[in-house]
Each structure stands twice: as structure tokens, then as C-alpha cells.
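These notes concern the structure reproduced below.
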Amino acid sequence: MTGPDSDERLVRLTDVARTYGRGPDAVVAVHGVTRTLGRADRVAVTGASGSGKSTLLHLISGLDDPTAGRIDWPGLGGRPFGRPGVVGMVFQGPSLIAPLDVLGNVALPLVLADTAETEAVDRARRALDAVGLTNLATRLPEELSGGQAQRVAVARVLAAEPALIVADEPTAQLGSAHAAQVIDLLVRAADDLNAALIVATHDPHIAERLPRRWRMADGALMEGEPCSS
Ligand SMILES: Nc1ncnc2c1ncn2[C@@H]1O[C@H](COP(=O)(O)OP(=O)(O)OP(=O)(O)O)[C@@H](O)[C@H]1O
């Protein structure tokens, strides 16, 4: 295989905690997390509402800082957030830019990263093709279904070719068939890019589509099966 070593450690968390607020009102959202995420990992993070899944993903992507412990990104050349060619993020809700058509949305991170326009458009078209949405390239976001919009968000990640894909409840607003399709596209994107993938989800059926599962419970992280709550 060419390209980076699939065993490469991308993210290393050492006794990480994140507490919101201070004093009696402090909320310990995440604590005692020591874990690495490698390029070959495709991980579902499950757990009840409020168990710390989003906080953990924000820490891993460098969007937030731990209040204790340490996070390193040995395979990513430092903090990834804000570097679309390093981390690609997919969120639960609408994340597309309303006045831009689908192709413009997929190309945007590349254009912002100073990729030549012809190359950005070329990569955006290939990414749309990979998620089966070539025919929607000139549509506006408001003209898309929820499932189509999430597939465009996956195409946007694909076009930027990150080493780490972080998806926070990407299927929460979708029916089961569209949810499965979006997760399968994320896994395929990770495989095609040789990127690590971490997905927070409430849904055990979605978690089962990923080979590895981490479970959050009251801010602690354990390896394990998805809980059904
Ligand atoms: N900005 C914040 N300020 C204060 N508390 C917060 C903040 N963000 C999250 N929390 C609290 O931290 C804990 C973990 O929240 P987090 O959003 O990480 O959980 P989650 O598992 O992703 O939940 P959900 O599945 O409902 O999205 C919760 O108790 C939450 O109320």
C-alpha cells in the first residue's frame, strides 16, 4: 500500500478532563480519558445524552481545550481544528452555506485553503460523484432533503482529503435508511482517504456499522458495546 502507515497514531489523549464552569456549578463533562486514535480506526462513540460524546469529539478535533491532562496530535503536525486538509467535520444539523450551490459548498474549504479554483472544482466534482450526487451540483442547500444535505457534507470532507474525520451525530435527523447510507459513505470516505473516523451517535444500529465502539458513561470512556439508552 502506498501512502501513510495505516497504524500511524494521529491523536493521543493522556488523562484528559474537561470541566465546564467552576465551583458548585461545575460540570465534569469528560474525565480520566487516556486513549489513542490511529489512522486505521473507525470508531463509534456511544452513550446516553449528556455522557460527554460531543465534548470528547471537540477535544479530539482541537476545537476545545482540556482543563486537565494533555492532548497531542503526533500524526497531524499539531492541533487540527481550522485545517480542512487535516480534519474534516460533519455535524448533526444543516452546515451548508445557503447562498452557495452544492458544488460551491463542497469546493469552499479548498478555495479557502488557497487551492486553485479549477483544482478545487475538479475535486469537488469527484467527491460529489463518490457520494452519488453529481446531478445535484447546481442545487441550493434549501432544495435538498436532509439525507442529501448530509451526503453533501460528506462530499465536502472527501474533497478536502483530511487525515481525521470527526462526525458528531451526523445521522440524528435522518430516517434509518438515509442514516445507514450516510454512515456507510463516511466509512468509505475514511477507507478511500486512509483517514481515521470517529462518529458520535445515540443509535445502536448506526454504531454497529462501525468496527470499533467506545462507550461514554458520565464522562468516562470505556471500550464496549453500544448501550441502548
Ligand atoms: N458549554 C457548556 N457549558 C456547560 N456545560 C456543558 C457545556 N457543554 C456541555 N455541557 C455539559 O457537559 C456534559 C456533557 O455534554 P456533551 O454535550 O458532551 O454530551 P453528549 O453525550 O454529547 O450529549 P448529547 O448526546 O445530548 O449531545 C453535559 O452534562 C452537558 O450539560
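Here, residue 1 is the first one in the sequence, and each next residue gets the next number. Start at 1 and go down the list; that is how both ligands and their atoms are numbered.
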Quiz prompt | ligand 1 contacted by M216 (non-hydrogen, < 4.0 Å) | solution = no
Quiz item: Out of D64, T55, V27, T19, whose heavy atom is nearest to atom 11 (C) of ligand 1?
Solution: V27
Quiz item: Between S54, G52, G21, which one has a non-hydrogen atom sitting closest to atom 27 (O) of ligand 1?
Solution: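 Nearest option to atom 27 (O) of ligand 1, by heavy atoms: S54.
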Practice problem: Answer yes or no: is there an ion pair linking R123 with E161, defined by an N-O contact shorter than 4.0 Å? | Solution: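 Yes, charged N to carboxylate O under 4.0 Å.
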Practice problem: Indicate yes or no: does D122 engage R126 in a salt bridge with an N to O separation below 4.0 Å. | Solution: yes
Quiz item: Could you walk me through whether R209 and D184 pass the salt bridge (Lys or Arg N to Asp or Glu O under 4.0 Å) check?
Solution: CA-CA 7 Å; R209 301 184 91 84; D184 292 351; 2.9 Å; yes
Quiz item: Is there a chain of hydrophobic side chains (I, L, V, M, F, W, Y, each step under 4.5 Å between heavy atoms) that links V86 to L193?
Solution: no
Self-check item: Common cluster, V182/V166, ILVMFWY with side-chain heavy-atom separation under 4.5 Å
Solution: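 No; tracing contacts between hydrophobic side chains, which count when under 4.5 Å, never links both residues.
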Quiz item: Can you find a protein heavy atom closer to atom 31 (O) of ligand 1 than 4.0 Å?
Solution: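 Within 4.0 Å: no protein heavy atom nearby.
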Self-check item: Residue H202 vicinity, atoms of ligand 1 by number, heavy atom under 4.0 Å
Solution: 25 (O)
Practice problem: Find all atoms of ligand 1 within a distance of less than 4.0 Å from any non-hydrogen atom belonging to A29, and give their numbers and elements. | Solution: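 The list of qualifying atoms is 12 (O), 13 (C), 14 (C).
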So which protein heavy atom does [atom] come closest to, and at what separation?
atom	value
atom 23 (O) of ligand 1	G50 N, 2.8 Å
atom 9 (C) of ligand 1	Y20 CE1, 3.3 Å
atom 25 (O) of ligand 1	K53 NZ, 2.8 Å
atom 26 (O) of ligand 1	S49 OG, 2.5 Å

Practice problem: Would you check if P211 and R42 make a side-chain contact, meaning some heavy-atom pair closer than 4.5 Å? | Solution: yes
Self-check item: Six-ring centre of W73, R79 cation under 6.0 angstrom, axis tolerance 45°
Solution: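 R79 over W73 ring: no.
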Quiz prompt | Step-by-step salt bridge (Lys or Arg N to Asp or Glu O under 4.0 Å) determination, R39 to D41 | solution = CA-CA 6 Å; R39 207 175 262 277; D41 284 330; over 6 Å; no
Self-check item: A48 and ligand 1 - part of the residue with a heavy-atom distance under 4.0 Å
Solution: backbone
